[in-house]
Every structure is written in C-alpha cells, then in structure tokens.
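What you see is a predicted model, and the numbers here were worked out from it, not measured in a lab. Side chains included, hydrogens not; waters and symmetry mates left out as well; all remaining heavy atoms used. Positions are given from 1 along the sequence. We count ligands from 1, going down the list as the structure has it; atoms in each ligand are counted the same way.
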Amino acid sequence: MSLIKPKLSPEVAEALASGGAIVALESTIITHGMPYPANLETALGVEAVVRENGAVPATIAVINGELRAGLEHHELEQLAQAKGVVKASGRDLAVAMVRGQTAGTTVSATMLLADLAGIDIFATGGVGGVHRGAEQTFDISADLTELGRTKTAVVCAGVKSILDIAKTLEYLETQRVPVIAYGTEDFPAFFTRQSGYTADHRLDTAEDIAKAMHLHHQLGTGTGLLIANPIPEEAALTPDFIDGTIADAVREAEERGIGRKELTPFLLARINELSKGESLKANIALVRNNAALAARMAVAYAALKKA
Ligand code: PSU
Ligand code: MN
C-alpha cells in the first residue's frame with residue numbers, strides 16, 4: 001500500500017472528490033516525444049479536447065521533486081522548454097524526488113501515479129513495448145510490466161513498428177492485459193490503422209469499454225487494460241512511407257549503439273526528422289483522438305462507479 005499521493009491541482013481534487021470524470025495524461029511525450037513548440041501546443045490542445053468531451057485533464061509529471069497530477073499553464077510551458085529533463089519510469093520516481101528533479105513521466109510512471117491519485121483512465125499516443133531484437137538486447141519497456149500490475153486503462157493508438165508488434169502483443173497476453181481495439185478488429189500501428197495483427201477484442205462504444213473496465217476490475221484481475229484507438233483515417237500515413245523511415249531510424253540507432261532509455265526518444269526524434277515533420281502531424285492528430293475517446297470513457301466509467 002502506498003502512503004504517498006501526487007499533489008493534485010484544485011480542479012483535479014474537486015473532480016476526484018465529487019466522483020467526476022478525469023483523464024490522466026503523460027509528460028514524457030512533452031519532454032522527450034515531441035520538439036518545442038509542437039509539444040506545448042499539443043499538451044494544451046489535448047487538455048482542451050479532454051474538457052470538450054466532458055472530463056477534467058490531469059497531466060502528470062515530477063516538478064522540482066514534487067509528484068503532481070494537474071499542471072498549471074506555466075508549468076507545462078516550463079516542461080516543454082526545459083533542457084536535460086529526466087525521463088522517469090516508475091523506478092526513477094523516488095530518486096527524482098530526492099534530487100528535486102523535474103521529470104517527464106513515461107506511461108509506466110504515469111499509470112503508477114494516476115493509480116495513487118485514484119484516476120482510472122489515461123490517454124497517450126503510443127506505449128512502449130518489446131523492441132525489435134529484444135531476443136538479444138532484452139529491451140522490453142517497463143510500460144508492459146506496469147500494465148500487468150497497475151489497474152489503469154491506457155488509451156493509445158497501438159504501438160509503432162519501432163517495436164516488435166507481435167512480441168509486444170504476446171507479452172501483454174502473458175501479463176493478463178486485455179487489448180481492446182476500438183471500432184475495429186485490427187491492432188493499429190500508431191501511424192497506420194493496421195499493423196497486420198488483430199487485437200484480442202473489439203468494442204465499438206466508449207460505454208462498452210467502460211463496462212469492460214468495470215468488470216475487469218470487479219474480477220480482481222489487478223491489471224490494466226490497453227485500449228487501441230486507430231489514428232483518424234485522414235491523418236494516417238501510408239505504410240510504405242513510414243515503414244521505410246522507421247527502418248532507417250532503427251538501423252541508425254543500432255549503428256550508433258544507442259540503447260536503454262535513450263533508444264525510444266532517439267527513434268521518435270529521428271523519425272520526425274526523416275519524415276520532415278509528417279510523423280509529428282500524425283502524432284498530434286492521434287493523441288487528440290485518444291484524449292477524446294478517453295474522456296468519453298471517463299464520463300461513462302464515472303457514471304458506472306456512481307450507480
Ligand atoms: N512511444 C511513442 N511516443 C512516446 C513514447 C513511446 O510513440 O512518447 C514514450 C512514452 O512516454 C513511453 C516511453 O512510456 O516512451 C517508453 O519508453 P521506453 O521504450 O524507454 O520504455
Ligand atoms: Mn527500454
């Protein structure tokens with residue numbers, strides 16, 4: 001049992017106290033996932049989308065050693081522009097607190113802090129997973145093990161093919177994490193609506209997903225859920241274009257010996273450069289799309305919890 005909770009913004013505290021709909025948002029996407037100023041514009045835009053869909057946004061981060069859920073405008077600005085900010089997964093939080101560091105929280109750290117705060121639903125772009133070549137490197141994101149032990153529902157657009165998608169899905173199966181695709185049979189690949197793999201389950205409404213969450217938790221499974229929401233049709237990239245770009249970025253990372261926690265940020269930045277900003281545009285569109293679905297799920301889930 002945890003004795004620490006993140007410090008809540010007044011708005012988030014109010015929503016929690018009244019059983020309102022809340023959506024947690026991560027901050028590594030701001031600090032390590034997108035360049036400035038697109039990162040700030042996206043963070044603000046995503047919060048606005050959550051509000052438009054009836055929920056309160058709670059962006060999670062570590063600010064000067066303090067765990068936080070719900071940031072002020074100037075704090076988002078500071079995160080978006082800060083240099084040398086820590087990328088914190090769950091295991092890095094305690095040291096960041098001791099050192100008074102400012103950190104972007106990954107999916108794993110954000111899930112953990114959302115759960116401590118009492119927030120059930122979290123929207124992001126892509127989750128980490130099993131990297132290509134993991135049979136050699138053992139590089140498997142802590143996001144996957146966190147999904148296997150923390151009850152947060154994570155809405156994403158699938159995973160990028162910087163990862164081994166088949167192994168990522170296998171790993172989630174092992175971890176007792178349901179993978180639910182929204183409105184499709186296909187497991188999406190972030191920039192594209194299809195990955196070549198099907199999701200385990202399909203549900204077609206935010207209300208049904210909220211019901212599945214509720215039952216999943218009532219069963220005492222103790223695990224999270226991964227909701228895969230395909231990128232909007234008009235924003236999707238063509239597989240040939242993006243797969244080539246991703247392959248180039250992965251090869252470059254290998255040649256330069258980049259690994260461990262630097263690998264994902266390197267790949268994201270290189271893909272953005274190599275695609276001349278096309279990947280960034282798609283990324284922004286899909287994050288907003290995920291925030292909208294997560295907010296609608298949060299509204300439905302709040303009603304189920306009250307009933
Ligand atoms: N994948 C993306 N965008 C991201 C990330 C992953 O498409 O911004 C970030 C998320 O914060 C995720 C983290 O939790 O990278 C995973 O890092 P790693 O692969 O080092 O576990
Ligand atoms: Mn890793």
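To the nearest 0.5 Å, atom CE of residue M213 and atom CD1 of residue I180 are 9.5 Å apart. For the atom pair CG of L67 and CG of L113, the computed distance is 5.5 Å after rounding to the nearest 0.5 Å.
A donor and an acceptor atom, one from each side chain of T106 and T28, are nowhere located under 3.5 Å apart.
Atoms of the protein (N, O or S only) found under 2.8 Å from the Mn ion (ligand 2) are D139 OD1.
Judged by distance alone, with hydrogens and angles left aside, the side-chain atoms of K5 form no donor-acceptor pair with the main-chain N or O of A117 at under 3.5 Å. The backbone N or O of S89 lies less than 3.5 Å from a partner atom in the side chain of D92, making a donor-acceptor pair.
Taking every heavy atom of both residues into account, T223 and R176 meet most closely at OG1-O, 2.8 Å. Closest heavy-atom contact between R132 and I162: CG-O, 3.6 Å.
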Ligand 1: protein N/O within less than 3.5 Å of ligand N/O:
{"unit_1": "ligand 1", "atom_1": "7 (O)", "unit_2": "K160", "atom_2": "NZ", "d": "2.2"}
{"unit_1": "ligand 1", "atom_1": "11 (O)", "unit_2": "E26", "atom_2": "OE1", "d": "2.7"}
{"unit_1": "ligand 1", "atom_1": "11 (O)", "unit_2": "E26", "atom_2": "OE2", "d": "3.4"}
{"unit_1": "ligand 1", "atom_1": "14 (O)", "unit_2": "V107", "atom_2": "N", "d": "2.8"}
{"unit_1": "ligand 1", "atom_1": "14 (O)", "unit_2": "D143", "atom_2": "OD1", "d": "3.3"}
{"unit_1": "ligand 1", "atom_1": "14 (O)", "unit_2": "D143", "atom_2": "OD2", "d": "2.7"}
{"unit_1": "ligand 1", "atom_1": "17 (O)", "unit_2": "K87", "atom_2": "NZ", "d": "3.2"}
{"unit_1": "ligand 1", "atom_1": "19 (O)", "unit_2": "T264", "atom_2": "OG1", "d": "2.6"}
{"unit_1": "ligand 1", "atom_1": "20 (O)", "unit_2": "K87", "atom_2": "NZ", "d": "2.7"}
{"unit_1": "ligand 1", "atom_1": "21 (O)", "unit_2": "S141", "atom_2": "OG", "d": "2.7"}

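With contacts defined as side-chain heavy-atom distances shorter than 4.5 Å, the pair E252/F266 qualifies. Two residues are said to be in side-chain contact when any heavy atoms from C-beta on lie closer than 4.5 Å; N53 and V299 fail this criterion.
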